[in-house]
Engineer: 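Next up is a structure, given as C-alpha coordinates.
Both ligands and their constituent atoms are indexed starting at 1 by order of listing. If you read the sequence from its start, that first residue is 1, and numbering goes on from there.
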Amino acid sequence: MSKLKLGVLISGRGSNLQALIDACAAPDFPAEIALVLSNKADAFGLERSAKAGIATATVDHRDYPGDKPAFEATMDASLRKAGVQLVCLAGFMRLLSPWFVGQWRDALINIHPSLLPSFKGLDTHERALAAGVRFHGCTVHYVRPEMDEGPIIAQAAVPVLPGDDAHSLADRVLESEHKLYPHAVRLIAEGRARVDGDLVRIHGPVPDLATLTNPPI
Ligand code: GRF
(Lines give C-alpha, C1' and ligand atoms only; values in the text may rest on other atoms or scores of the structure.)
Protein backbone atom coordinates (compact mmCIF):
# COMPACT_ATOMS: atom_id res chain seq x y z
CA MET A 1 0.00 0.00 0.00
CA SER A 2 1.46 3.37 -0.94
CA LYS A 3 1.67 5.92 1.85
CA LEU A 4 0.12 9.37 1.79
CA LYS A 5 2.86 11.95 1.25
CA LEU A 6 2.83 14.76 3.78
CA GLY A 7 4.29 18.24 3.58
CA VAL A 8 4.66 19.78 7.04
CA LEU A 9 4.82 23.57 7.32
CA ILE A 10 6.54 24.96 10.40
CA SER A 11 7.90 28.20 11.83
CA GLY A 12 9.42 27.12 15.13
CA ARG A 13 10.10 24.40 17.66
CA GLY A 14 8.19 21.69 15.78
CA SER A 15 6.97 19.48 18.60
CA ASN A 16 3.89 18.56 16.56
CA LEU A 17 6.18 17.86 13.62
CA GLN A 18 8.10 15.52 15.95
CA ALA A 19 4.88 13.72 16.83
CA LEU A 20 4.25 13.19 13.12
CA ILE A 21 7.85 12.07 12.54
CA ASP A 22 7.49 9.53 15.35
CA ALA A 23 4.12 8.29 14.08
CA CYS A 24 5.47 7.92 10.54
CA ALA A 25 8.34 5.79 11.86
CA ALA A 26 5.88 2.97 12.56
CA PRO A 27 5.81 0.64 9.54
CA ASP A 28 2.02 0.38 9.58
CA PHE A 29 1.40 4.16 9.69
CA PRO A 30 -0.31 5.07 6.40
CA ALA A 31 1.57 8.35 5.77
CA GLU A 32 5.14 9.54 5.33
CA ILE A 33 6.72 12.98 5.42
CA ALA A 34 7.97 13.99 1.97
CA LEU A 35 9.02 17.52 2.90
CA VAL A 36 9.29 19.85 5.88
CA LEU A 37 9.02 23.44 4.81
CA SER A 38 9.86 26.37 7.10
CA ASN A 39 9.56 30.10 6.63
CA LYS A 40 12.40 30.52 9.13
CA ALA A 41 15.89 29.18 8.58
CA ASP A 42 16.53 28.83 12.32
CA ALA A 43 13.35 26.89 13.15
CA PHE A 44 14.25 24.06 15.53
CA GLY A 45 11.90 21.80 13.61
CA LEU A 46 14.42 21.80 10.73
CA GLU A 47 16.97 20.16 13.03
CA ARG A 48 14.42 17.54 14.04
CA SER A 49 13.80 16.81 10.34
CA ALA A 50 17.48 16.57 9.48
CA LYS A 51 18.00 14.16 12.37
CA ALA A 52 15.20 11.99 11.00
CA GLY A 53 16.65 12.15 7.47
CA ILE A 54 13.68 14.08 6.09
CA ALA A 55 14.01 16.54 3.20
CA THR A 56 13.66 20.19 4.21
CA ALA A 57 13.26 23.52 2.49
CA THR A 58 13.23 27.08 3.77
CA VAL A 59 11.15 29.71 2.03
CA ASP A 60 11.72 32.90 4.00
CA HIS A 61 8.81 35.33 3.68
CA ARG A 62 11.27 38.19 4.23
CA ASP A 63 12.82 37.38 0.85
CA TYR A 64 9.50 38.39 -0.73
CA PRO A 65 8.78 41.84 0.72
CA GLY A 66 5.28 42.95 -0.20
CA ASP A 67 4.91 39.98 -2.54
CA LYS A 68 2.93 37.28 -0.74
CA PRO A 69 1.82 35.70 -4.06
CA ALA A 70 5.47 34.99 -4.97
CA PHE A 71 6.21 33.67 -1.45
CA GLU A 72 3.27 31.30 -1.65
CA ALA A 73 3.92 30.28 -5.26
CA THR A 74 7.44 29.24 -4.23
CA MET A 75 6.10 27.19 -1.33
CA ASP A 76 3.45 25.66 -3.56
CA ALA A 77 6.02 24.67 -6.20
CA SER A 78 8.30 23.18 -3.56
CA LEU A 79 5.48 21.07 -2.12
CA ARG A 80 4.36 19.87 -5.55
CA LYS A 81 7.91 19.00 -6.59
CA ALA A 82 8.20 16.81 -3.49
CA GLY A 83 4.98 15.02 -4.46
CA VAL A 84 3.10 16.22 -1.39
CA GLN A 85 -0.54 15.11 -1.19
CA LEU A 86 -1.54 16.52 2.20
CA VAL A 87 -0.16 19.74 3.72
CA CYS A 88 -0.07 19.81 7.53
CA LEU A 89 0.34 23.17 9.24
CA ALA A 90 2.22 22.63 12.48
CA GLY A 91 2.90 25.94 14.14
CA PHE A 92 3.25 27.75 10.81
CA MET A 93 2.92 31.41 11.74
CA ARG A 94 2.01 33.04 8.40
CA LEU A 95 -1.57 33.58 7.31
CA LEU A 96 -2.18 31.82 4.01
CA SER A 97 -4.05 33.59 1.22
CA PRO A 98 -7.28 32.35 -0.32
CA TRP A 99 -5.21 31.46 -3.40
CA PHE A 100 -2.93 29.06 -1.52
CA VAL A 101 -5.80 27.63 0.49
CA GLY A 102 -7.72 27.10 -2.76
CA GLN A 103 -4.78 25.29 -4.35
CA TRP A 104 -4.85 22.77 -1.51
CA ARG A 105 -8.57 22.62 -0.78
CA ASP A 106 -9.37 19.56 1.35
CA ALA A 107 -5.67 18.69 1.27
CA LEU A 108 -4.55 21.25 3.86
CA ILE A 109 -5.02 20.78 7.60
CA ASN A 110 -4.10 22.70 10.73
CA ILE A 111 -3.79 21.99 14.45
CA HIS A 112 -5.09 24.72 16.70
CA PRO A 113 -4.70 24.82 20.50
CA SER A 114 -8.35 25.22 21.47
CA LEU A 115 -11.68 23.50 21.07
CA LEU A 116 -12.82 25.38 17.99
CA PRO A 117 -14.89 27.36 17.31
CA SER A 118 -13.92 28.77 20.72
CA PHE A 119 -10.74 30.80 20.99
CA LYS A 120 -9.63 31.31 17.43
CA GLY A 121 -6.37 33.20 17.05
CA LEU A 122 -3.48 33.59 19.49
CA ASP A 123 -3.11 33.31 23.30
CA THR A 124 -5.76 30.61 23.49
CA HIS A 125 -4.68 29.31 26.91
CA GLU A 126 -4.78 32.74 28.56
CA ARG A 127 -8.21 33.37 27.08
CA ALA A 128 -9.55 29.96 28.11
CA LEU A 129 -8.46 30.66 31.70
CA ALA A 130 -9.96 34.14 31.64
CA ALA A 131 -13.25 32.72 30.35
CA GLY A 132 -13.35 30.15 33.14
CA VAL A 133 -14.03 27.21 30.85
CA ARG A 134 -13.76 23.81 32.53
CA PHE A 135 -12.53 22.09 29.39
CA HIS A 136 -9.97 23.19 26.86
CA GLY A 137 -8.14 21.25 24.19
CA CYS A 138 -7.10 21.17 20.58
CA THR A 139 -8.60 20.76 17.15
CA VAL A 140 -7.40 19.42 13.81
CA HIS A 141 -9.37 20.91 10.95
CA TYR A 142 -9.31 21.41 7.21
CA VAL A 143 -8.19 24.92 6.37
CA ARG A 144 -10.47 27.50 4.81
CA PRO A 145 -9.51 31.10 3.97
CA GLU A 146 -10.90 32.47 7.25
CA MET A 147 -8.43 32.02 10.10
CA ASP A 148 -8.97 28.90 12.27
CA GLU A 149 -12.11 27.95 10.39
CA GLY A 150 -12.94 24.86 8.41
CA PRO A 151 -14.39 21.38 8.79
CA ILE A 152 -13.32 19.77 12.07
CA ILE A 153 -11.59 16.40 11.72
CA ALA A 154 -10.79 15.61 15.36
CA GLN A 155 -10.69 17.23 18.77
CA ALA A 156 -9.16 16.32 22.12
CA ALA A 157 -10.40 17.81 25.38
CA VAL A 158 -8.39 18.30 28.54
CA PRO A 159 -9.65 19.51 31.92
CA VAL A 160 -8.79 22.93 33.24
CA LEU A 161 -7.54 22.26 36.77
CA PRO A 162 -7.49 24.43 39.86
CA GLY A 163 -4.21 26.29 40.06
CA ASP A 164 -3.59 26.14 36.31
CA ASP A 165 -1.73 28.98 34.67
CA ALA A 166 -1.27 29.44 30.94
CA HIS A 167 1.92 27.35 31.01
CA SER A 168 0.53 24.33 32.81
CA LEU A 169 -2.58 24.41 30.65
CA ALA A 170 -0.53 24.78 27.47
CA ASP A 171 1.59 21.78 28.45
CA ARG A 172 -1.50 19.65 29.02
CA VAL A 173 -3.00 20.73 25.70
CA LEU A 174 0.28 20.17 23.86
CA GLU A 175 0.47 16.61 25.12
CA SER A 176 -2.98 16.02 23.66
CA GLU A 177 -1.96 17.70 20.38
CA HIS A 178 0.84 15.20 19.96
CA LYS A 179 -1.66 12.36 20.07
CA LEU A 180 -4.39 14.05 18.08
CA TYR A 181 -2.41 15.16 15.03
CA PRO A 182 -1.14 11.68 14.07
CA HIS A 183 -4.64 10.30 14.75
CA ALA A 184 -6.21 12.83 12.36
CA VAL A 185 -3.58 12.20 9.69
CA ARG A 186 -4.23 8.48 9.96
CA LEU A 187 -7.99 9.00 9.48
CA ILE A 188 -7.32 11.03 6.33
CA ALA A 189 -4.68 8.66 4.97
CA GLU A 190 -7.04 5.74 5.42
CA GLY A 191 -9.71 7.64 3.51
CA ARG A 192 -11.94 7.64 6.57
CA ALA A 193 -12.27 11.39 7.19
CA ARG A 194 -14.29 12.78 4.34
CA VAL A 195 -15.44 16.34 3.86
CA ASP A 196 -19.21 16.61 3.52
CA GLY A 197 -20.19 20.27 3.10
CA ASP A 198 -19.03 22.10 6.21
CA LEU A 199 -18.50 18.90 8.18
CA VAL A 200 -16.16 15.95 8.18
CA ARG A 201 -17.76 12.53 8.41
CA ILE A 202 -15.70 9.73 9.90
CA HIS A 203 -16.25 6.36 8.25
CA GLY A 204 -15.55 3.07 9.96
CA PRO A 205 -14.85 2.33 13.59
CA VAL A 206 -13.41 4.90 15.97
CA PRO A 207 -11.57 3.84 19.11
CA ASP A 208 -13.49 3.82 22.39
CA LEU A 209 -13.24 7.30 23.82
CA ALA A 210 -13.09 7.99 27.52
CA THR A 211 -15.73 10.45 28.71
CA LEU A 212 -14.39 13.44 30.57
CA THR A 213 -16.39 14.74 33.45
CA ASN A 214 -16.38 18.25 34.76
CA PRO A 215 -13.23 18.70 36.84
CA PRO A 216 -13.43 19.79 40.46
CA ILE A 217 -13.19 23.51 41.18
C1 GRF B 1 0.92 24.36 18.74
O2 GRF B 1 0.34 24.68 19.97
C3 GRF B 1 -0.11 24.35 17.66
O4 GRF B 1 -1.37 23.96 18.10
C5 GRF B 1 -0.14 25.80 17.23
O6 GRF B 1 1.19 26.22 17.31
C7 GRF B 1 1.90 25.43 18.26
C8 GRF B 1 3.07 24.85 17.56
O9 GRF B 1 3.92 24.16 18.43
N10 GRF B 1 -0.73 25.92 15.91
P11 GRF B 1 5.04 23.22 17.84
O12 GRF B 1 5.92 24.08 16.94
O13 GRF B 1 4.39 22.11 17.10
O14 GRF B 1 5.82 22.72 19.04
Engineer: Listing by chain and number, which residues have a heavy atom under 4.0 Å from ligand 1?
Structural biologist: R13, G14, S15, N16, G91, I111, H112, P113, E177

Engineer: OG/S49 to CG/L35 distance, rounded to the nearest 0.5 angstrom?
Structural biologist: 9.0 Å

Engineer: Quick one: side chains of residues 85-98, donor-acceptor pairs under 3.5 Å with protein atoms, not counting sequence neighbours, listed by atom name and distance.
Structural biologist:
residue : atom : partner : partner atom : Å
Q85     : OE1  : K5      : N            : 2.7
R94     : NH1  : H61     : NE2          : 3.3
S97     : OG   : E72     : OE1          : 2.4
S97     : OG   : W99     : N            : 3.2
S97     : OG   : F100    : N            : 3.2

Engineer: Enumerate the residue pairs fulfilling salt bridge (Lys or Arg N to Asp or Glu O under 4.0 Å) with a member in residues 117-128, sequence neighbours excluded, ordered by first and then second residue.
Structural biologist: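 For residues 117-128: K120-E149.
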
Engineer: Hydrophobic clusters here meaning ILVMFWY residues chained together by side-chain heavy-atom distances under 4.5 Å, can you tell me if L46 and F71 are in one?
Structural biologist: no

Engineer: With sequence neighbours left out, what residues match L174 under side chain to side chain contact (heavy atoms under 4.5 Å, CB included)?
Structural biologist: R13, S15, N16, E177, H178

Engineer: Report yes or no: does R172 contribute a side-chain atom to a donor-acceptor pair with the main-chain N or O of V158 at less than 3.5 Å?
Structural biologist: no

